[in-house]
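Worth saying up front: this structure is predicted, and the values here are computed from it rather than measured. Along the sequence shown, residues are numbered consecutively beginning with 1. Whatever order the structure lists them in is the order used to number ligands and atoms, beginning at 1.
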Amino acid sequence: MSKRVAVAAANWKMNKTCAEAATYMADLKALLPTVEGTAEVVIFAPFTALATVAAGGSSAGVGGQDVFWMAAGAYTGEISLGMLQDVGCTHVLVGHSERRRRFGKPEPELAGDLGCVFGDNDATVNKKLTAVVAAGLVGCLCVGETLAERQAGQTDRTIEAQLRAGLAGLDAAAVANTLIAYEPVWAIGTGEVCQEDEAERVCAMVRGVVAALYDQATADTVRVLYGGSMSGENVDGLLCQPNIDGGLVGGASLTVAKFEPIIRRCAKG
Ligand code: 13P
């Protein structure tokens with residue numbers, strides 16, 4: 001089996017104005033031709049910056065951070081796939097833990113007594129991913145356990161359930177073309193990276209679930225990324241693992257200088 005092409009994906013989250021995005025994309029455009037090897041670079045940007053990212057003239061893919069599955073209508077504040085395609089999107093992030101998370105007591109400034117603001121769940125994630133695939137874009141399905149789930153020994157069960165529900169109804173070809181990001185919730189934005197052997201174990205488990213749901217060829221083709229405090233310092237240990245095919249990177253993707261070592265390591269294969 002030939003080695004899968006690695007993916008260096010930036011998730012800017014709620015960061016960057018259009019002017020900041022334009023500067024970043026100019027730096028990225030200058031960098032990418034100097035990178036040895038082959039990697040796919042994708043920038044998941046806020047909706048307002050997507051057109052700027054697409055106009056940047058680099059070879060990077062352009063990704064929305066979320067989408068609503070309906071084509072049009074009375075859905076105030078939502079974004080359709082047609083709108084994402086209109087501004088040049090090639091990829092869409094689906095089911096990021098920050099959109100599944102139930103904000104509550106530890107983060108009262110976000111939700112107060114509401115308990116939940118964004119509220120994605122396995123069912124909505126599946127509807128979104130199905131719509132992304134139908135539109136011909138590449139989805140990036142995020143899965144991962146919370147600290148409480150890990151401490152309760154529920155890591156594998158949680159992730160398998162997220163995969164089964166998230167991929168439900170998709171055929172093998174669609175899944176082979178989808179990115180799956182394993183992002184342990186407790187490692188996101190904390191500086192606490194998952195140990196590389198444990199990240200490898202879970203990513204191999206993800207591939208095993210795909211093999212069980214579909215077939216070995218699909219499992220061998222799908223790219224499984226790791227996300228959660230990935231940086232230039234820890235990328236090598238993670239990318240050395242046979243089942244980790246790249247990174248979904250938050251904080252360390254916010255400047256091209258910090259993202260560069262991750263891109264270079266992904267391109268090394
Ligand atoms: P950090 O790299 O900032 O931990 O964020 C990871 C993430 O959530 C990417 O989607």
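- Counting protein heavy atoms only, atom 5 (O) of ligand 1 is closest to Lys13 NZ, 3.2 Å.
- Atom 9 (C) of ligand 1 has as its closest protein heavy atom Glu183 OE2, 2.8 Å.
- Here the closest heavy-atom approach between residue Leu93 and residue Cys142 is recorded as CD1-SG, 4.0 Å.
- Residue-to-ligand polar distances place Gly189 within reach of ligand 1: an N/O pair is separated by less than 3.5 Å.
- No donor-acceptor pair closer than 3.5 Å links the side chain of Tyr24 to the backbone N or O of Lys16.
- Checked against a 3.5 angstrom limit, the closest N/O atoms of Thr190 and ligand 1 fall outside it.
- Below 4.0 Å from some heavy atom of Gly228 lie the following atoms of ligand 1, by number and element: 4 (O), 6 (C).
- Among protein heavy atoms, atom 3 (O) of ligand 1 sits closest to Gly251 N, 2.8 Å.
- For Leu248, heavy-atom contacts with ligand 1 shorter than 4.0 Å involve the backbone as well as the side chain.
- In terms of modelled atom types and a separation under 3.5 Å, the side chain of Arg207 and the main chain of Asn243 share a donor-acceptor contact.
- The cluster map of Ile, Leu, Val, Met, Phe, Trp and Tyr, joined by side-chain heavy atoms under 4.5 Å apart, puts Val5 and Met230 in different clusters.
- Near Ser229, the atoms of ligand 1 lying under 4.0 angstrom from a non-hydrogen atom of the residue are 1 (P), 2 (O), 4 (O).
- Counting heavy atoms under 4.0 Å from ligand 1, residue Ala187 touches it through the backbone alone.
- For atom 2 (O) of ligand 1, the closest non-hydrogen atom on the protein side is Gly250 N, 2.9 Å.
- Of the listed residues (Arg100, Lys13, Arg99), just one forms a salt bridge (charged side-chain N to carboxylate O under 4.0 Å, His left out) with Asp66, and that residue is Arg99.
- Between the side chains of Thr34 and Arg264, a donor-acceptor pair is found at a separation under 3.5 Å.
- Ion pairing of Glu160 with Arg157 is absent here, as no side-chain N (NZ or NE/NH1/NH2) approaches a carboxylate O to less than 4.0 Å.
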